[in-house]
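Okay, so here's the structure we're looking at.
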Amino acid sequence: MSPALPSYDEAARMVAACAARILPPAAPDGIARVPLSAAAGRVLAAPLRADFDQPAFARSTRDGYACRAAEAAAHAWLRVAGSTRAGQAPAGPLASGAAWEIMTGAPVPEGADAVVMLEHVENNGERIRLHSARTLAAGENIVAQGAQARAGDELLPSGTLIGAAQIALAATCGAASLQVYAKPRVAILSTGDEIVPVEAEPAPGQIRNSNAPMLAALVSAAGGEPWVLPPAADSSDALDAALETALAQDAGAGLLLITGGVSAGKFDLVEPALLKRGAHFHFTGARIQPGRPVVFGEIPRPATELVQDQGRAQHQDQDGAQRCFGLPGNPVSSAVTFLLFAAPILAALAGRREHGPRFALARLKESVNSKSGLTRFFPAACTFGAGGLLAAANELPEVNRVSWQGSGDIAAMARANCFLVVPEACDSLAAGALVRILPL
Ligand code: AMP
Ligand code: MG
């Protein structure tokens, strides 16, 4: 293992620095409007603002009686002066010595400063009184008008990944559609003389191309638009031709993922082919396993192309560079290096503020032997909230390695739901240790 290779942290820092320089996609081509039904997984291209105060009226959070807390807390009998259901306009003002029947979600009448729960009063038909064992303070069971947001407030900044909660918020604000960034186009090129299409019956020595569909799925899940190119053979000519297609300006790919051909083998020709295209590399290898040969670089685009192609420059930064990764061909290596390094670049190209990757903590079930000098990522199974139980507030999910035969073992990865991270300095982890995982 070469000491010149960056550690995982060093490589991740280089990726993060590169991601930070990427500008979000720009109008007109880089921004679109989509209905809420199509907004999940997209990235906000304009801030979401509150059109009204939230809530727009002081809202009861209980079924009960709106009242003045001081009067109710004195355990006086209060006359029930009226009733408001959810959907009715605010009533009031509330006379002193009176209470007002109210349902969850209904507007609290003016003059009331608390809602007493139905279950906490005695009721003689016309009047109510707080149970002697109970107290009531001003503000109880009421969400004040504007407590969550004020009209005009920025609720979500642009660059926010849109999920169910953001869609609910947009709907609350009356936004039936949202401005989102265009999905970055990601070229996926698999290399290798041994690769045959999924539909083919592999001859002895051949294997089906699993990396291309896997990476396409990873790209889609990370908010990109996968563009799967025909695989290239292990020859300079084949690679040159494939790169010509992948990097063509009118193809508009802001990111290129190449799998295979980056190890030190005789037919590993990806690096020289990228160099011919003017690539400069941030790293060619990292102290990780699997995925040690991973290559990350940028390919400048000729100045003339930039001038002709202002609109397409949306997915490149100021200098118009296209990012490229050479991912090792072994499927587990490809997946790990995508998640660790390519996904953050893709997130930046998609206009996201947060670039990741997102690690989590778990408790190791059985001890793990590793070897120091490389940060290792083992396919593992984590019991994220198994059974939906939270036995104790401080209980962490448990993680265990799945048995595997090395970085070609796709079946092991398919049984896993995360990678267990063993830091570079460790040659073993004891059962019960607090460990980092990278969810799949
Ligand atoms: P390489 O990185 O080209 O040396 O490939 C390493 C291993 O990954 C070899 O066993 C390849 O056959 C395998 N491999 C390369 N590309 C793919 C692919 N697209 N799908 C599945 N396995 C692959
Ligand atoms: Mg190969």
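Ligands are counted one by one from 1 in listed order, and the atoms in each one are counted from 1 as well.
A side-chain N or O of R33 and one of S177 form a donor-acceptor pair less than 3.5 Å apart.
The heavy-atom pair separating L346 from A222 by the smallest distance is CD2-CB, 3.6 Å. Contact detail for V15 and P344: the closest heavy-atom pair is CG1-CB, 3.9 Å. Here the shortest heavy-atom pairing between P6 and F283 reads CG-CB, 3.8 Å. In plain terms, the two heavy atoms of V228 and A216 that are nearest each other are CG2-CB, 4.1 Å.
Taking 4.0 Å as the cut-off, R208 counts as a neighbour of ligand 1 on heavy-atom distance. Ligand 1 is never approached by G408 to a heavy-atom distance shorter than 4.0 Å. Look at G261 and you'll find a heavy atom under 4.0 Å from some atom of ligand 1.
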Practice problem: Decide salt bridge (Lys or Arg N to Asp or Glu O under 4.0 Å) for R287 and E424; before the verdict, give the C-alpha distance in whole Å, the side-chain angles of both, and the deciding distance to 0.1 Å. | Solution: CA-CA 8 Å; R287 296 203 304 271; E424 190 177 287; 2.9 Å; yes
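Contact annotation: for S190 versus ligand 1, heavy atoms closer than 4.0 Å belong to the side chain alone.
For G329, a nitrogen or oxygen atom sits less than 3.5 Å from a nitrogen or oxygen atom of ligand 1, counting backbone and side chain alike.
In terms of protein heavy atoms, atom 22 (N) of ligand 1 is closest to I207 CD1, 3.2 Å. Atom 21 (C) of ligand 1 has as its closest protein heavy atom S210 OG, 3.2 Å. At the top of the distance list for atom 17 (C) of ligand 1, counting protein heavy atoms only, stands N211 ND2, 3.2 Å. Remark: minimum distance from atom 12 (O) of ligand 1 to any protein heavy atom is reached at E194 OE2, 2.6 Å.
The contact set between ligand 1 and N209, taken as ligand atoms under 4.0 Å from a residue heavy atom, comprises 18 (C), 19 (N), 20 (N). Counting the atoms of ligand 1 from 1 in the order shown, those under 4.0 Å from a heavy atom of N330 are 6 (C), 7 (C), 8 (O). Atoms of ligand 1 found under 4.0 Å from any heavy atom of S263 (numbered from 1 in listed order, with element): 2 (O), 4 (O).
Ring geometry for F378 versus W404: interplanar angle over 60°, hence perpendicular rather than tilted (30 to 60°).
Looking at R323 and E298, a side-chain N of the basic residue comes within less than 4.0 Å of a carboxylate O on the acidic one, giving a salt bridge.
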